[in-house]
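First comes the structure, then the notes that go with it.
Because the structure is a prediction, the values reported are computed rather than measured. Numbers here simply count residues along the sequence, with the first being 1.
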Amino acid sequence: MSEEQLFEQMKMWRQWSVEFLRTIPEETANQIPVGHNNNIRWNAGHILVG
């Protein structure tokens, strides 16, 4: 796999992730699951920006 193909796949997965995250209600995105320290929004931000 070429470097260009890798980056295209990364962009595709990022786009799919953003589209999916937009379907999550805001109240749900702000909840902190039991046993975790951060909410879905915080975790998604670290995945998508990192």
Side-chain angles (χ1 to χ4, degrees):
M1 175 182 296
S2 72
E3 185 175 311
E4 182 179 343
Q5 289 172 315
L6 176 63
F7 281 109
E8 286 302 314
Q9 282 192 357
M10 290 171 64
K11 285 193 272 185
M12 181 180 63
W13 277 104
R14 185 182 188 286
Q15 180 182 355
W16 288 346
S17 298
V18 169
E19 288 173 12
F20 174 73
L21 289 165
R22 287 186 175 147
T23 70
I24 299 173
E26 192 167 336
E27 312 81 55
T28 303
N30 289 327
Q31 291 179 357
I32 299 174
V34 175
H36 295 275
N37 295 323
N38 300 300
N39 61 29
I40 294 169
R41 183 184 311 271
W42 185 91
N43 284 292
H46 279 268
I47 291 169
L48 296 173
V49 174

Where at least one partner belongs to residues 8-25, residue pairs that pass salt bridge (Lys or Arg N to Asp or Glu O under 4.0 Å), sequence neighbours excluded: E8-K11
Within a reach of under 6.0 Å around CD of E3, are more than 12 heavy atoms found that belong to other residues, nucleotides or ligands? no
In the single-linkage hydrophobic clustering (I, L, V, M, F, W, Y; side-chain heavy atoms under 4.5 Å), do [X] and [Y] co-cluster?
X   : Y   : answer
F7  : M1  : yes
I40 : F20 : yes
W42 : L21 : no

When clusters are formed from ILVMFWY side-chain contacts under 4.5 Å, directly or step by step, what else is grouped with M12? W13, W16
Atom pairs and distances, donor-acceptor, side-chain atoms in residues 25-37, under 3.5 Å, two or more places apart:
residue : atom : partner : partner atom : Å
N30     : OD1  : R41     : NE           : 2.9
N30     : OD1  : R41     : NH2          : 3.3
N30     : ND2  : E26     : O            : 3.2

